[in-house]
There are 2 protein chains.
Amino acid sequence: MTANRIEHLLNHSNLIKCLYYNEVLTSADISNYTGKSIPHTIKVLNELIKEGYVAEKGFANSSGGRKPLNYSLIADTHYLLSVAMNQFSAQMVVVDMNNNFVSNVVRYEFDIHLLQAETFVAHLKNFLENCGIPKTNILGIGLTMPGFVDTEAGVNYTFLKVSGHTLVEYIQQNISIPVFLDNDSTAIALAEQKFGVAAHIKNVMVLNLGWGIGLGMILNDKIFRGNNGLAGEFSHIPLFKNGKLCNCGKHGCLETEASLIAVTATAKEGIRQGQITSLANYKEVDADVIITEAIKGDVFSVKLISEAAYHVGEGLAILIHLMNPAAIVLSGKGSVVGKLWLAPIQQAINEHCIPMLTNYTEFIISNLNTKAQLIGGAALVVENFGKKLEDKLAAIEESAYAN
Amino acid sequence: MTANRIEHLLNHSNLIKCLYYNEVLTSADISNYTGKSIPHTIKVLNELIKEGYVAEKGFANSSGGRKPLNYSLIADTHYLLSVAMNQFSAQMVVVDMNNNFVSNVVRYEFDIHLLQAETFVAHLKNFLENCGIPKTNILGIGLTMPGFVDTEAGVNYTFLKVSGHTLVEYIQQNISIPVFLDNDSTAIALAEQKFGVAAHIKNVMVLNLGWGIGLGMILNDKIFRGNNGLAGEFSHIPLFKNGKLCNCGKHGCLETEASLIAVTATAKEGIRQGQITSLANYKEVDADVIITEAIKGDVFSVKLISEAAYHVGEGLAILIHLMNPAAIVLSGKGSVVGKLWLAPIQQAINEHCIPMLTNYTEFIISNLNTKAQLIGGAALVVENFGKKLEDKLAAIEESAYAN
DNA sequence: AAAACTTTTTAAATTTTTTAAAAAGAAGTA
DNA sequence: TACTTCTTTTTAAAAAATTTAAAAAGTTTT
């Protein structure tokens, strides 16, 4: 039944996608985006208007001629649930078909290493009961989290492992809503591509500056996941001969010198050794504190961030040599102090990159701030409009019958 | 005129391509490859048979049912010219529509740093006059060479620069055959994908073990070129703090430790210092000599290759983290001693890679040997069958009219 | 108010795919 | 060996989808 009602939505998923990503478009825009002819596009639009999914939205400007009709998705026909997890918490929010947040953003805290799937599902159920949106109107859940994620298989090899089932299966069975799983950095890259500064750039590297240093790659306008969904492990490229043991088990990973975790450790060591710094005034020093003090101008804090950024730059130099991207986007939680990173990164690039290559690569600081991952999680569901979502809906319905 | 005669060939370029790459296929195979229905495929095939491009080639086996007809391209309707350049020479050969070499492979020697476009064109003309194939039957030239190549622009930023024109324009104007330019390593990757061990693998890294260490990347079944055609600069990723100046102007590039040039330098230094090695018996030590002696078992030579290979492995560890490829192919001139490279590379990978990732990546040694680049050059022309070749043919015809 | 330019709509033509039936071969069975 | 059954390919006809081209309708500029 559900599957039937939204048949049209999923059959014309490409059209729906571009409307979701662009809010309002003319028939010509849509035709351009989907690669179908304008007559055909208009025919489908009119069907979708009749079904109640699309509405005309006045006229767009014309460069001298009949003004074209604008079209947009009707916001409240369906909803998406985005769950953005990091090492210490998960944020949840309901998003409508115009990419607006229509519930409170609720945060659940935990240590991801200890988090059980059962507990997580309880959080999820709790959120669904209190978010104010009827569950049957939620088309899918976009779950994005750190770790080695195989999107196809629906498994996170690092966290939230469930025995006997894939993580996605487990949640779907308990919540009865289709679930799509992806890596946090991939989600951020998707958000930047669809709604952020990476829009319309064909080859972009999106850095997720957070506890680690995540990477989402957009190659030829598509998220690149590698052969098993494990591509983009930027954090653990072996770059240093420093002997520092990384939590991945190897030595000398980029992360051992450049992540906020490494920065925090160095800060604590510095304070212990009597460094003159405003950080000494804090009882507990963490990444947030260092960022705060760096913004205020604390010399030691700035130096710490700069050193980390320089090391990130060393890694980026390699990335530029290999990928020749048009742009590198600084996103994720750490990007709120994007400018602090920029100079040392540029410095490292200048020292380690062939000029021919750097000339073509631009650095951009994200404007999505902390919302990037949540936006990306909703977009992840939209990306799967079409056959994949249809299959999941059918499977869930079938298992409901069986019970 | 020319353009008209081969209209059908270019209109159905996808079908032609898969026949070129596979020699014989059934209609079902082709339908599968092109994504068109079987009736449509058969219709087009019959047209092409009428035009004289395609022939039926007996029957294929069936697992219990009517045997399907085999189809293949008629070999001598047209030809492709492949020019494979390295630092010291260019090889040229004419290839027919079944990927057979139908002329002698002719080598012209030079120092690429000193080579002038004028000289090169003279070599090309000389070859064309003596190859035994009428020029009008040659559909295109695939020119593949080292350096920073922008395929779209038709320019090599490093070698064979022509003032006032792009390199491709210059050659086309003098030879009146469409020219397609690409990087040597990209050509090798293309050859491995279409005719070699990388066939049917979705994400592969193809290493060109030669004077430098080139890289061609196949991502999602497509050659990846980056934003300006400069992707895959594996040779110059900044990996070492060794202070060694690279010919690119930077310090510590992978090439400074891992290329055959670096190996040769180390060998000479070792001999000077009185190392016990059969290399000492040679008047002039070069890469070929070291490879030869390594095969024979000279301990010093093996050690030299092993050390270089280990460093290549360090670079590959980074590549695996970033790209999560299904396979890494060792190709290029150096791959004839592929097994010599394998153990030390594996060693480096084991030390520097997260096991989760290495589990999914297989190492394969090429079987195309020294022919890879030539095959790739011809394939480069075939890849451009369709609009691009059509446009070039039209432009050349037009300029012929103008004169 | 006419001319120039745009976009939308409609209708016709074309292409492509689907469906169904016929043909051809292989394997099992009596 | 002859016959049946099962597969798979090929052919032909019907249906669906898409593209193309031209007409219609509206805006802006002159």
Side-chain angles (χ1 to χ4, degrees), chain A residues 4 7-19 22-51 53-73 385-387 390, chain B residues 4 6-19 22-51 53-73 385-387 390-391:
Chain A
N4 272 339
E7 206 173 83
H8 289 82
L9 205 67
L10 301 182
N11 278 347
H12 302 290
S13 54
N14 282 336
L15 193 155
I16 302 290
K17 280 180 203 175
C18 70
L19 278 176
N22 296 86
E23 193 130 10
V24 290
L25 291 173
T26 68
S27 60
D29 295 333
I30 297 172
S31 160
N32 218 24
Y33 188 104
T34 59
K36 306 290 175 179
S37 65
I38 289 181
H40 178 252
T41 303
I42 290 179
K43 198 188 95 198
V44 173
L45 279 170
N46 286 330
E47 273 170 39
L48 289 168
I49 288 173
K50 206 175 286 168
E51 304 277 333
Y53 293 116
V54 170
E56 295 180 354
K57 264 282 167 68
F59 296 92
N61 282 340
S62 158
S63 56
R66 179 174 179 171
K67 285 181 176 173
L69 264 172
N70 266 331
Y71 297 87
S72 71
L73 291 180
F385 273 25
K387 182 124 182 48
E390 208 174 324
Chain B
N4 272 340
I6 66 160
E7 206 173 84
H8 289 81
L9 207 66
L10 301 183
N11 278 346
H12 302 290
S13 54
N14 281 337
L15 193 153
I16 301 290
K17 280 180 204 176
C18 70
L19 278 175
N22 295 87
E23 194 130 9
V24 290
L25 290 174
T26 68
S27 59
D29 295 334
I30 297 171
S31 160
N32 218 22
Y33 188 103
T34 59
K36 305 290 174 181
S37 66
I38 289 180
H40 179 251
T41 302
I42 291 178
K43 200 189 96 198
V44 173
L45 280 170
N46 287 330
E47 275 170 38
L48 289 167
I49 288 172
K50 205 174 287 169
E51 305 277 332
Y53 294 116
V54 170
E56 295 179 354
K57 266 281 167 70
F59 297 91
N61 282 338
S62 158
S63 57
R66 178 171 179 172
K67 286 182 174 172
L69 264 171
N70 267 330
Y71 298 88
S72 71
L73 291 180
F385 273 23
K387 182 121 184 52
E390 209 174 324
D391 288 350

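Hydrogens, waters and symmetry mates play no part in the numbers below; they use all other heavy atoms, side chains included.
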Strictly below 4.0 Å: does B:Lys67 bring a side-chain N or O up to OP1 or OP2 of D:dT8? no

Give the residues of residues 28-38 of chain B touching DNA chain C, defined as any heavy atom closer than 4.0 Å, sorted by residue number. B:Gly35, B:Lys36, B:Ser37

Between NE2 on residue B:His12 and CG on residue B:Leu19, distance to nearest 0.5 Å: 12.5 Å

At what distance, to the nearest 0.5 angstrom, does CG of A:Asn22 lie from NZ of A:Lys17? 13.5 Å

A:Glu56: partners by side-chain contact (heavy atoms from CB on, under 4.5 Å), with sequence neighbours left out: A:Ile49, A:Leu69, A:Tyr71

Spacing between A:Leu25 atom CG and C:dT8 atom P, to the nearest angstrom: 12 Å

Once you round to the nearest 0.5 Å, how far does SG of A:Cys18 lie from CD of A:Glu23? 13.0 Å

Need the bend value for the helix from C:dA1-D:dT30 to C:dA30-D:dT1: angle between end axes, 5 pairs each end, nearest 10°. 10°

Any protein N or O atoms within reach of nucleotides 10-15 of chain C? Criterion: under 3.5 Å, listing atom names and distances.
none

Minimal heavy-atom distance between A:Ser72 and A:Val24, with the atoms involved, is CB-CG1, 3.7 Å

For A:Leu69 and C:dT6, give me the distance from atom CG to atom P, rounded to whole Å. 19 Å

One pair to check against side-chain contact (heavy atoms from CB on, under 4.5 Å): A:Leu25 and A:Asn70. What are the steps and the verdict? CA-CA 5 Å; A:Leu25 291 173; A:Asn70 266 331; 5.8 Å; no

Can you check whether B:Ile16 reaches B:Leu48 side chain to side chain, under 4.5 Å on heavy atoms? yes

Pair listing, side-chain hydrogen bond (donor to acceptor under 3.5 Å, both in side chains) test, anchored in residues 24-47 of chain B, at least two apart: B:Thr26-B:Asp29

Return no unless some side-chain N or O of A:Ser27 is found under 4.0 Å from OP1 or OP2 of C:dT7. no

Whole Å only: how far is the CG atom of A:Leu45 from the P atom of C:dT8? 10 Å

Listed by chain and number, what are the salt bridge (Lys or Arg N to Asp or Glu O under 4.0 Å) partners of A:Lys387, not counting sequence neighbours? A:Asp391

